[in-house]
Amino acid sequence: MLNTENLVVRFGGVFALGGVDFAMTKGEVHCLVGPNGAGKSTFFKVVTGQIAPTSGRVSLGGSDITGEGSAQIVRRGIGIKMQTPQLFDDMTVEDTIWLGAYRGRGKAHARRRTAELLDELRLGEVARAEVGKLAHGLRQRVEIASVLAGDPELILLDEPAAGMSDADVDFLAALILRLRGQHSFLVVEHDMRFIRMIADRVTVFHNGKIFLEGRSDAVLSDQGVKDIYLGKGKAHA
Amino acid sequence: MDLVLILTLQGVVAIATILLFSIGLAIIFGMMRVINLAHGEFMMIGAYGAVKSHEAGLNLWVAMLVVAPLVAALFGLVVERVLIRHLYGRLIDTLLATWGLSLFTVGVVTMIFGNTTSGVPTPLGTLRIGDYGLGQYNLVIVGVTLLVLALVALVLKRTSAGVLARATMQNPEMIAALGYNPRRIYAATFAIGSGLAGLAGGLLAPLTGVIPAMGVAFVAKAFITVISGGAAVILGTGTAAAIYGVISQSVTYVSTSVIGEASLFLAAIILLRLLPNGFAGRFFKGGV
Amino acid sequence: MPQTFAPRHAGTLATSVLILGAAVVLPQTLGLFTLLQLTVYAVMAILALSLSITWGLGGVLCFGQAAFFGLGGYTYAVAVTNFGESTLPILLAVLVQALVALCLGWFMFMGRLSDLYVGVVTLCTSLILFNFANSTSDPWYRIGSAALNGFNGMPAIRGINIPFLPGALLSPVQSFVLTMLALLAVYLLCKTIAGSSWGRVVAATRQNPLRAELMGYDTARVKLGIFVIGSAVAGFAGCLFVNWNGFVSPDVFGLSMSAQIMIWMIVGGRETFVGPIVGAFALQALVSRLGVGSEINANVVLGGLLMIFVVLVPRGILPTVRDGLLSLGRKWGPGKTREVN
Amino acid sequence: MTDTNTTTKARGSTGLSRRRFTSLLLASGVSAPAILRASGARATDSVKMAALLDLSGGLDIYGRPMLMAMEMAVEEINATGGLNGKPLELITYDTQSNMQLYAQYAQQAALQDQVDLVHGGITSSSREVIRPILNRYNTLYLYSTQYEGGVCDRNTFCTGTTPAMTSKSPIPYTIDMWGPKFYSIGADYNAPRIMSDWSRTFGEQAGGEQVANDFFPLNVTEFGALITKIQQARPDFVCSALIGAAHLGFYRQWAAAGMLSEIPIFSFTFGSGNEHMMLPPEESEGIITPCSYFQEIDSALNRDWVSRYHARYGDDAPYQNNVSIGGYEGTWLWATAVRNAGTAEREAVIEAMEAGTSWTGPGGTLTMNAANHHSSRDIFFGRCTGGAWEPFHTWENQQPSDTDGRCDLIANPGQNVQFGAE
């Protein structure tokens with residue numbers, strides 16, 4: 001459903017992405033891994049409409065979405081969660097989720113969906129608390145709830161497990177597995193334990209290109225992939 | 001031919017004047033991300049410093065070139081310590097607070113000196129070009145502006161103090177970890193910016209009347225020039241000053257000064273729309 | 001703690017009753033002079049609310065609110081001079097400003113200018129208008145039978161009459177009642193917007209435009225909408241001002257006018273709607289008091305207040321007092337505390 | 001700034017009881033403001049004059065000396081027995097160079113303080129804010145500064161100079177002296193435009209030619225382009241109606257360009273803002289100005305007045321120019337009418353004024369013109385010499401012909417307009 005063709009991003013003289021052909025199919029949980037600077041974050045930003053590619057094409061379900069802004073991409077049925085939580089600190093949890101559900105669907109739907117999600121993500125107790133006053137793990141959960149509220153077909157998550165406790169990570173993994181039938185997931189992640197729990201397929205980025213792509217267990221046990229991570233350690237030594 | 005020459009000279013003077021009264025603001029904005037709407041009042045204080053010390057018997061050039069920037073820099077130090085220090089990182093709040101400072105300063109200076117226009121005569125004689133004449137003092141303005149630009153560029157690029165100042169603005173924790181005191185660097189930068197505003201005020205005093213509210217005439221133009229210039233203090237501000245100087249001067253010559261002024265503001269609006277990060281963001285990334 | 005701007009019906013009701021009560025009771029108890037003063041304070045309170053909509057609620061940093069206020073005044077003045085009747089001119093004062101804001105806002109928000117640049121562009125706009133209005137003293141500058149008259153301003157402008165009855169000009173007392181009712185209406189408009197679903201989207205856009213975008217909201221359009229509403233209200237205030245004054249001059253576009261509005265808002269409390277109203281009334285009263293037999297320069301007081309509030313009381317009087325009371329209440333009262341982790 | 005020990009009283013929160021009384025009165029009939037002037041509400045122990053002047057803000061350089069002039073007049077009037085046995089009380093309002101405050105204080109003076117005369121307003125804008133309010137609340141208005149002329153309003157008396165007075169004779173005189181070709185420049189608003197129009201009218205009648213006519217907003221400080229244009233046009237003299245602090249820049253830049261000794265300047269306005277004292281002599285030498293008053297006028301009355309002024313306010317008291325002295329002249333002219341009428345009551349004073357009240361002071365004789373409510377007066381031609389004025393010619397009894405002929409308040413008392421230039 002999400003495809004890129006020969007995606008190139010150049011900052012000044014530096015290639016951040018050097019021709020990426022990527023494809024994922026509906027219903028799968030797909031993880032992007034790779035050392036820092038491998039290009040996965042840049043890739044994520046292009047796909048979510050935050051930066052325009054220098055050349056190449058991004059398409060969703062066959063239609064070209066290259067160069068569209070985030071809001072337009074979201075309206076096409078993509079949910080996005082960035083690495084740093086993007087929340088409304090002065091708003092209540094309830095209102096935040098409501099806002100995610102309200103767009104294009106009206107108040108009645110938003111009310112119903114908010115109630116469902118508060119329940120599903122076990123946020124009922126803090127429903128009327130201000131988001132800015134919550135602990136980090138809860139904030140991550142609120143943001144995911146607000147993303148789910150828009151009922152996207154495809155959900156893009158940038159390091160959702162970062163800074164979470166093990167219990168929070170387990171909760172999130174369970175949630176993703178539970179939702180896998182209804183949504184597809186593209187997840188940028190470092191936490192290998194988390195990836196092992198959720199991923200169907202994994203794509204490894206290295207030096208702005210795709211190094212390896214395949215089923216989760218096969219990719220994660222590949223010697224070349226391990227070398228990249230080690231090599232990165234060497235390069236910085 | 002004489003006419004072309006004199007018009008060109010006037011254009012250069014106009015550009016230099018805009019640069020002169022913008023550069024202090026550009027430093028404070030470009031390096032500290034603080035917008036100082038009381039910039040005009042720093043100029044005013046410099047101008048009063050020059051006029052009053054000259055009236056007290058000081059040599060005019062010393063009054064304009066030394067006393068004016070010193071007085072304004074001292075004032076800047078006080079302002080940084082009392083007001084600006086609490087507002088780093090709050091861009092909009094610096095705007096509001098310095099707007100308050102502007103009103104306050106105008107009020108206080110009015111209470112002290114009254115609204116009477118003071119001034120000093122324009123020094124030097126006349127430059128003759130055929131039938132036309134131009135005050136030689138205008139050339140001094142151009143010269144001092146060039147000198148100031150060169151000095152600022154040198155300090156920012158070449159000296160350790162300049163490098164330190166630029167680094168502090170990018171990462172104060174890092175600089176603190178290296179054993180420097182970022183607060184002192186902020187204070188020094190602000191004082192230098194204020195001092196340059198004072199210098200501009202002192203130098204322009206012989207050309208215009210000095211009154212407590214004189215800053216208003218400059219602040220909007222300085223503000224627009226600096227914002228259009230973007231983060232690069234010299235290249236950005238310089239380009240903006242050149243464009244606005246040429247536009248307002250030539251439009252004024254062919255029509256009226258009202259239309260000249262309006263064309264400057266319109267040009268600013270259009271430029272900001274086309275280059276939302278200023279010239280620096282588009283053309284001089286990382287320059288000074 | 002309650003979300004700011006969220007409708008607390010009890011408070012809204014109390015404020016509304018207070019304004020309405022003042023409109024009914026004060027004409028019976030106060031002298032004409034005091035009523036005239038209160039009328040202009042109320043006009044300025046409406047102006048403060050207009051910036052509350054644009055900046056407080058919408059987060060659009062408008063340094064040139066005076067531009068819409070002044071244009072509203074001029075629109076009304078020109079129209080009423082030509083028509084000899086005030087109903088259509090009032091509508092025009094509002095509509096023209098909405099249209100101007102739509103064009104300017106389109107230019108700014110669709111170009112995705114950052115807050116700061118929005119500030120610069122609005123500032124430039126008011127400066128251009130100020131310069132332009134000042135340069136219209138040539139008798140050539142006239143619209144229909146209304147000469148713009150430059151720096152001197154347009155004198156002896158007709159006041160507001162009862163709709164479609166040109167002969168029935170409002171008396172000063174009736175103008176007071178009208179202005180208070182207008183203040184009430186604008187206050188309720190603010191509350192309605194803030195409490196509506198769209199108002200939530202506006203608040204979301206203000207607090208975190210990126211998240212709002214990521215939820216699929218077109219933040220440029222949201223900002224444009226709130227900018228248009230705020231500007232239209234400012235235009236309305238301008239028209240009421242001219243009704244009070246019978247006069248409009250380029251001063252209405254001045255920097256000090258825009259500064260004043262911000263000062264009222266900041267001192268009163270920019271996160272609330274009552275705050276700017278209180279700020280407008282209190283500071284106007286202070287400034288006119290300073291002019292009668294005082295040696296203190298009003299600028300010193302206004303400028304000093306602005307600095308003090310930005311640094312020490314950034315939220316303004318009202319929210320600070322309210323929170324103080326609330327925390328006292330939590331300490332001493334029966335209400336339960338709620339800490340969230 | 002000034003400490004007064006006379007009847008001058010700044011208005012604080014006094015007059016509460018009267019305000020309460022007014023409130024009671026209003027409770028019965030609020031919608032008819034005229035009722036306010038019911039005699040019961042009128043304090044009868046003194047005659048009151050309100051001064052609405054900018055004592056702070058950009059215009060205070062006019063407002064403060066003007067208030068001093070008013071205070072002097074009030075003190076002298078009280079020292080000579082007051083007005084028909086009652087003391088004259090001066091109530092001061094600082095309008096802070098803010099039009100909104102002009103409206104507020106005019107309302108306060110008329111409705112709350114119930115004064116017998118409002119005297120003040122410096123700019124034409126402020127006058128046009130005040131005038132309708134005082135008309136509405138039936139309070140007499142006196143406007144005493146130099147202005148563009150043309151006000152025709154039964155409730156208003158103007159005692160300052162108008163452009164026709166300073167152009168009709170002075171412009172032909174200047175053309176005789178320097179030549180026919182003149183370049184007009186001025187601040188961009190009504191009064192300078194009207195001055196420029198009159199100078200063209202009277203200049204052409206005298207065989208002169210106005211070669212250009214440029215106007216500048218009050219905040220313009222940069223005159224390089226203008227100076228080049230004037231150098232191109234090579235006129236015999238420059239006719240200036242520049243105004244305010246920013247425009248001082250012109251005279252500085254003009255002198256710096258070496259032009260002061262080449263093309264002389266005639267100015268309607270130089271000196272009205274004490275420009276001759278703000279610029280050094282080398283930038284103002286030889287500029288000539290026609291105007292109704294200079295402190296340097298050489299007459300016994302004036303010498304006496306100037307010495308009394310300095311005795312009252314000290315040696316460094318501000319220079320009294322033709323604008324600020326209006327505060328003194330206007331107050332005395334009105335007081336003379338009040339004395340003639342035997343009452344300060346509005347109708348009676350209007351009638352006394354219209355009977356041609358005349359008063360002679362440091363600037364010569366002022367005589368009120370019944371039909372147009374402007375006073376005729378003497379005009380002096382001054383040359384700026386060493387930073388002071390040197391009067392070198394006098395025209396006596398110049399008529400306010402801007403307003404004359406078009407305005408007849410005797411035939412049409414209801415007339416209330418301001419005529420533009422012809």
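Values reported hereafter were calculated over all heavy atoms of this structure, with side chains retained and with hydrogens, waters and symmetry mates removed. As the structure is a computational prediction, the values presented were derived from the model and not from experiment.
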In Å, rounded to the nearest 0.5 Å, how long is the span from CG of Asp90(A) to CG of Asn208(C)?
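Going from the CG atom of Asp90(A) to the CG atom of Asn208(C) covers 11.0 Å.
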In Å, rounded to the nearest 0.5 Å, how long is the span from CG of Leu214(C) to CE of Met82(A)?
5.0 Å
[X] and [Y]: which non-hydrogen atoms are nearest, and at how many Å?
X         : Y         : value
Ser197(C) : Trp98(A)  : CB-CH2, 3.4 Å
Met215(C) : Ser146(A) : CE-CB, 3.6 Å
Ala204(C) : Met91(A)  : N-CE, 3.4 Å

Cut-off 4.5 Å, heavy atoms of chain C, and the answer for Leu87(A) is backbone
Are any of the side-chain heavy atoms of Arg211(C) and Val147(A) separated by less than 4.5 Å?
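Yes - at least one pair of side-chain heavy atoms lies under 4.5 Å apart.
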Quick one: what part of Leu210(C) sits under 4.5 Å from any heavy atom of chain A, side chain, backbone, both or neither?
side chain
How about [atom1] on [X], more than 12 heavy atoms from neighbouring residues, nucleotides or ligands closer than 6.0 Å, or not?
X         : atom1 : answer
Arg105(A) : CZ    : yes
Arg193(A) : CZ    : yes
Trp198(C) : CH2   : yes
Glu125(A) : CD    : no

For chain C, which residues from residues 155-162 of chain A have at least one heavy atom closer than 4.5 Å to it?
none
Applying a criterion of heavy atom separation less than 4.5 Å, what residues of residues 40-75 of chain A form contacts with chain C?
Ser70(A), Ala71(A), Val74(A), Arg75(A)
